Every structure is written in C-alpha cells, then in structure tokens.
Amino acid sequence: MGRKSFSWWPRRGRKRCWHLVGKKALLPLMNREIPIIADAMVDREFGTGAVKITPAHDPNDFEVGRRHKLPEIDVMTDDGKMGAPAGAYAGMDRFEARKKIVEDLKALGLLEKITEHTNAVGLCERSKTIVEPRASTQWFCKMKPLAEPAIAAVERGEIQIVPDNRREEYFNWMRNIRDWTLSRQLWWGHRIPAWYCKENKHVTVAREKPAKCATCGSVNLEQDPDVLDTWFSSGLWPFSTLGWPEETADFKKYYPTSLLITGYDILFFWVARMIMMGIHFTGKVPFRAVYLHSLVRTGSGEKMSKSKGTGLDPVALNQQYGTDAMRFCLASMAAPGTDIVLSEDKLASARNFANKIWNAARFLFLNLDKFEEGGAKLEELAAPEVRAKAPYAYQGSVPLVDQWLYSRLASTIELVNDALTNYRFHEAAQGVYQFFWGDFCDWYIEWVKPDLQSADREQATIVWKNLFAAFDDALRLLHPFMPFLTEELWHQLPQRSGGKSIALDTFPTARKAWAQEKIVGAVDIFTQIQGVITALRNIRAEMRLDAKKKVPAQFWSTAEFIRNRVHIESDAITRLAVLSELKVSPAALGQVGGSVRSTAQFDVRIAYSDTVDATAEKVRLKKEIEGLEKAIASKERQLGDETFRSRAPEKIIKGLEATLAGQRIELQKLKDRLAQLEKGS
RNA sequence: AGGCCCGUAGCUCAGUUGGUUAGAGCGCUACCUUGACACGGUAGAGGUCUGGGGUUCGAGUCCCCACGGGCCUACCA
C-alpha cells in the first residue's frame, strides 16, 4: 500500500532473492526506482518475507530508513490528505486514495491477491479518529546522561522505592531509556522556546523571544508552534514550587523532601523524571522515598478512568457510607504491590466499623451520665493527667482484664507504629480494627459493664479511669484512618488546655510498662479464661439452649493457678457464659452426664444430659480426634528425625514438643469422652 | 514480542527474613428484636495454598517448567 519509495528485504528466500539486494525495483503507479535492501527487522516467517519500507510513515521503517540512508518522503498533508509527493493521488483524501490505489493496481494486473490482516491502528483517545504515523521534526531530550545518575541514586539507596519490586521496573526502564520527545501538538502548555527565521530556517533557542536570528540576523522570526510535554514541566515540580532557581528559604529548608506518594502507574511519567530533573538542576535527589500506592479499581476489576467513564464517584459513595468509611476501607486494603478492588460490600464493612465505634462511645457516655449522678466528674476520670497514670490498681493490683487490655493495647500500638513506618497501611488499619472491635468492644466493655455502676464507688472509679485511658489511645490510633469520627469523640473527653484537635495530640507510642504484663503471664491466663467462656458458649449452642437459660457448669484444671483465677473471675465468667453457677471442681471431672469441652489445660462441663445429642457429639469428637491424630503423627515423625533435631533451631523444637505434649493430653481426653459416650449408647 | 506482577476458603484479599494445627472481611449455617450497636451479638461450617518437578531436616513462602489471568512498553509485511 505504500505508494512512495523504497525497499525490500529478501531474507526468507535467501537463496532465491539474495542476488537482488543492491539492485533496484520499480515502484508501480509512481514509476519511481527504489532500492532493494536487507534488514534484520523483517520477520521472514510472515507472508512473503519481503516488505516495503516507508520511513516517513512507520516507526520501524523509520529506523530501517536511517540505517540504510533512505529518503523520508511524507506523502500526506496536515489535514490528512495526500500531498504533492503522492503524485497522481495528490489532493485526495487518504481513505479514498487507498481504495483508488487498489483499483489502479488491479487495472494494471499487478495485484496478485488480498488477504485479511489485523493491524494495530493508533486511535485518538478522545475523537477515536485514526492517527496516521508521519515523520516530522520534533525536539528531543537526550536521556542517557540524565538517567545514569538517577539510576545510581536509587542503587545507592539515596531514594527508597516502596514497594520494593518497583525498583526493578524502575531500573529496567531507566537502563533502556529512549530519548524523550518533548514536542506536543497541543494548544496549551509551555511553548517550546525555539524560533525559526523564515528565510533560512535557522533555529534560535532562548529564554526570551530573541530580537533576531542568531545565525543570519533575520528579524522575521516564528516560534515553534508545539508545546513541551506536560511531564517536562511536571518534572520540575519538586523544586520549582519552592522558588527555584532562586535559593529561597523554602528551597533550602524543604528540598529534598522526605516522601513522595503517587500511583505506581506514574513511576515513569513523573517520578523518574522528577528524579532526573532534580539531580540535573539542583545536584540533589528531590525526595528520600517514593511510596507507590495501589490503583483503585471498580468492583469488576477495571481501572478507573475519567475518559473511559469507568470511575466510581467518590462523592456519592462518601455520602452513602461516610468519608471515614471510605478512608478506612482504602487503607485497610492498601497492601503494597496489589490493586484495590473497591466494592460497596467493603465500604459497608468499614461503615459498620465506624458505627460500632460510635455506638460503643455512646454506651460509655450514657453510662457516665448515670455515674456522674453519684458525684463523679469526667475530669476526675478522664483528664489527661489521670489517663496518663493508667492502668489503675484496685485493692492492690491491676485487675486481670485491664492487664490483658493494656498489654493488647501496647502490642497494637507497636504494630500500628511499625506498620506505618514501613508503609504497611493495611496492617495498621487491620490492627486497630481488631483491637477496637475484637478486644475493646467484644471483651473489655462486656467484661466491665456491671462494674461501671458498681455500688463500690472506688471500684467503679478505677474501672472508668482505666476504660477512658484505653479508649483515648484507641481513638488516637484510629484517627489517621477515621479522622472525623475520632475528632468528634475525642472532644467529648476532657482535653489539655488548648487541645483544639485530636490531630494535634500525640500519636500513641509503645508503652513498655504495659507490655510487661504479658511477661508476668496475665495475658496468657486471660486468654485461657476467654477459652473457658468460649467453650461453655459452644456447649450451649450445641445443646441448643435458650440464650437466656442459665445452667450450672463445672470447671477443672490440673494447674492450680488457673483454678484459682477462674474462681476469682467466676462472676464475669458466669455472666458471659450465662450460667446459674460455676463450680471449680476439687478433682478431675467425673464422667457423668452433660456435655464436656476440653483443652490440654482445662475441662468444662454443662450438666444438662437430657439435651445432649449423643450422635452429633460423637461425630464431632471423631472429627476432632482424626485431626489431632494427624497433627500428632506429623510432629512425632518430625521430632523423631535426627537430622531435623540437629539442624532445626532450638526454639522450633521446644515449641513443637510443647504443642505435641498438649495435643496428646487433648487427644486422650477426647478418646475417653468418646469411649464413655459409646458405652452409654 | 519484551518487562513486571498475580493464581491461597463460595467472593475479595492478607500471610515481614522458609519453621509449631494457613488468617481476615463479606457471604453461608444455627440460635438471639439481651437497655450501646440487627450497620448488632454468640457459636459454627468451609482451604491437599493452579498443576508438575527441584533445593531443604522442613516450602503457601526459594528455583525451574507448564497452564491461567492482569498491567506497562512496543508492534507485525
């Protein structure tokens, strides 16, 4: 279809055609002689293995043309018609010309056959019209000298790229960098500062419009109509915004900045260019770290795009679910290196979390009002200096539930801080979620509920102080993810004078004193007690007991300290497991009636034999026995392997042994229970 | 075609240097309109981590291959 010039490459018919290279062919219709050449660009497996070369209308052909010094003939005009070099076709519309050429070739008997071929045609993103490749004069920026120091800066770690795997992409792109076309045929942007004299086409480049041509002195000058690529100007952003090229105070203070946050799809467009420009113009990298965040996709996984109209409307979604929910949702899904598929389900889940926090706070303040009727003041319970001394002790010791809560809080604070410094925002968000909902609401508030209005004013006061101190920390932890909700609730607590916003308060940092409680073992004991309550509830559910039906239960553990602790906490356990009484047995539980749950550490029983479904119970037991036996067998195999014992770290071996011991006890208990059930039926 | 990434519960995804019975949210099942919350509570079910080799005492995790999917860049006579 190429109607002008040039050449071929007969490689496939190496034997058949090689002799033709260097000779000339006559281009039909144009009657122009064109050379036959050989070039490795050609795919000899495709079609005839020979192809015409049109350097002015194809990027590959352009390269070939340069290699073989072929003339570049542009056969089109700016308005998409055929130009003078198109000979007889000049003035025709390009589509018309193509049809006419086929007809003419046919008429001359030169057309052998027509085959279908799918070709990638460039389309204008907005107008959808076909973009015709045409050779033209453009300004290019030589990139190698700019890229090299920019590669080195990242290699040396002067700039950290997060997530790590994007470093490779950066290197790959930078090492294979091509010269950068700066000319854009748009009607907005920075005009290219080049002037041409009309007489001799000399080029004069200057900051201000020159008075005359630098070469021939002509005053008849015309500025290049093209503008600079927007990314060229954008690349200057880190320092031009700070007053550069002046050595302003801002520039000195804030350049380089610490962190750039942007989408990973813009790493090459913008980030790489800022780095290159920054190093070139200022001698310094523009920032110390680049966090490349995920792209938000629609529920069906499409990239959101304004021009494609595939975006979700954040304003509409914010109105529906709340901006806090949106923010939390995005953060909780921002695992580095993956995209975020945003769906309404997930937003709803985040909204539910916000709702949960709001209701928990409502509960606290409603109860506080009642408590204040007895003379207490919020300032005495939750002023900053009061909160700072938490956790408070009651009758000489910090209540177990508070030891546990503050230890959990300390771990959460550590986790969140750690996650944030490492750009692992999803872990931070999920950590707060787990603490606030799973620990604070589900366990802590439920646990201390009756104590909030305790007749023992001293006890109630302690409870309130501990509660508010933890609540305040939790709010501040949550604040980066749910700014509005936490701000609102924070203002309901008494703040230090001048406490204008939670955003100006300090972010919680690790409290070693709280984490210490874990070492003492309080957390482990509390976890055991949670296990006791869950086991009892599980039995209730299996028995299909009415939720309000209070039933008697028995408890036994070979460990005396657990028995003692369960005894001390029996009020709470009784309430949370809906029992009529909890009896700590003086000896192992006998095999009589009811339903039992066991762990390696303890056994609980609800004595309600008439409602026990023995068949279902046996199925459950067998399943658990099977799973345990498998786990035990694999551990025994591993621990029996001398190579393993000699090479695995001590910690792993010890842990395995401990777990194995527990599992053996558990298995024995399950087996006994099963045997007893089978004997009974 | 080249480069990068992904494949884990029904769905969407976590899983930091290989190490003790692989987690979450949603959905699902059963029970509960219990005085903060049904946008809720309690208890559950559900995965031979795409497949095949390899390294290792030990692999969801490291290496190779295959299959499937995505993105970026380039593009075919």
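First the proteins, then the strands, lettered A, B, ... as listed; each starts at 1. Since the structure is predicted, the reported quantities are computational estimates derived from the model, not experimental observations.
Between L467(A) and F440(A), the closest heavy-atom pair is CD1-CZ, 3.7 Å.
Atoms CZ (R540(A)) and C1' (U34(B)) sit 12 Å apart, rounded to a whole Å. If you take CG of L267(A) and C1' of U73(B), they are 13 Å apart, rounded to a whole angstrom. Atom CZ of F436(A) is separated from atom P of G25(B) by 17 Å (rounded to the nearest Å). Between the CZ atom of R637(A) and the P atom of U21(B) there is a distance of 11 Å, rounded to whole Å. Going from atom CZ of F353(A) over to atom C1' of G25(B) covers 12 Å, rounded to whole Å. Here A36(B) presents its C1' atom at 15 Å from CG of N352(A), a figure rounded to the nearest Å. The interatomic distance linking R537(A) (CZ) with U34(B) (C1') rounds to 13 Å, in whole Å. The CG atom of L415(A) sits 17 Å away from the P atom of A14(B) (whole-angstrom rounding).
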Expected rows: protein N/O vs nucleotides 27-32 of chain B N/O, under 3.5 Å:
from, atom 1, to, atom 2, distance (Å)
A30(B), O2', R544(A), NH1, 2.9

N/O to N/O distances under 3.5 Å, protein versus nucleotides 58-61 of chain B:
none

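For R620(A), the side-chain hydrogen bond (donor to acceptor under 3.5 Å, both in side chains) test picks out E617(A), E624(A), with sequence neighbours left out. Evaluation of the side-chain hydrogen bond (donor to acceptor under 3.5 Å, both in side chains) rule for K449(A) yields E446(A) as partners, not counting sequence neighbours. Contacts of F269(A) classified as ring-ring contact (aromatic ring centres under 6.0 Å, His included), with partners at least two apart in sequence or in another chain: W231(A). With sequence neighbours excluded, no residue forms a ring-ring contact (aromatic ring centres under 6.0 Å, His included) with F481(A).
Comparing A14(B), A36(B), G40(B) by their nearest atom to the side chain of W437(A) picks out G40(B).
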Under a 4.0 Å heavy-atom criterion, the protein footprint on nucleotides 3-11 of chain B, written with B, S and -, is SSS------
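In this structure, F436(A) and F353(A) have perpendicular ring planes: the angle between them is above 60°, well past the 30° mark.
Within the structure, a side-chain polar atom (N or O) of K635(A) is placed less than 4.0 Å from OP1 or OP2 of U21(B). Considering only side-chain N and O atoms, T659(A) lies nowhere under 4.0 angstrom from the phosphate OP1 or OP2 of U21(B). In this model, the phosphate group of G44(B) is approached by a side-chain N or O of N538(A) to a distance below 4.0 Å at OP1 or OP2. When the side-chain nitrogen and oxygen atoms of K623(A) are compared with OP1 and OP2 of G46(B), one or more of them lie within a distance under 4.0 Å.
K346(A) contributes no side-chain N or O that forms a donor-acceptor pair with the base of C26(B) under 3.5 Å.
Comparing K449(A) and D442(A), the nucleotide of RNA chain B nearest to each residue sits closer to the 5' end for K449(A).
Identified under the side-chain hydrogen bond (donor to acceptor under 3.5 Å, both in side chains) test for residues 319-337 of chain A, with sequence neighbours left out: Y321(A)-E344(A).
R351(A) comes within contact range of at least one nucleobase, with a heavy-atom separation under 4.0 Å. The residue A348(A) sits apart from the nucleic acid: no heavy atom pair falls under 4.0 Å. Residue T534(A) is classed as a sugar-phosphate contact, given heavy-atom separations below 4.0 Å to backbone atoms only. Across all strands shown, E446(A) has heavy atoms under 4.0 Å from base atoms, whether or not it also approaches the sugar-phosphate.
One finds a salt bridge joining R664(A) and E636(A) here, because a Lys/Arg side-chain nitrogen approaches an Asp/Glu carboxylate oxygen to under 4.0 Å. Using a cutoff of 4.0 Å between basic side-chain nitrogens and carboxylate oxygens, E626(A) and K622(A) are not scored as salt-bridged.
Contacts with RNA chain B (heavy atom under 4.0 Å) in residues 364-373 of chain A: none are found. Annotation: proximity of residues 421-435 of chain A to RNA chain B (heavy atom, distance under 4.0 Å) is found for R424(A), H426(A), Y433(A), numbered in ascending order.
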When Watson-Crick pairs (N1 to N3 and N6-O4 or O6-N4) and G-U wobble pairs (N1-O2 and O6-N3) count only below 3.5 Å on both distances, what is the dot-bracket string of RNA chain B, with | for other-strand pairs?
(((((((..((((.....[...)))).(((((.......))))).....(((((..]....))))))))))))....
Can I get a per-line list of side-chain donor-acceptor pairs under 3.5 Å for residues 414-422 of chain A, giving both atom names and the distance, sequence neighbours left out?
from, atom 1, to, atom 2, distance (Å)
N417(A), ND2, I413(A), O, 2.8
N417(A), ND2, P508(A), O, 2.9
T421(A), OG1, N417(A), O, 2.9
T421(A), OG1, D418(A), O, 2.9
N422(A), ND2, D418(A), O, 3.0

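The only member of K635(A), R645(A), K651(A) that meets salt bridge (charged side-chain N to carboxylate O under 4.0 Å, His left out) when paired with E657(A) is R645(A).
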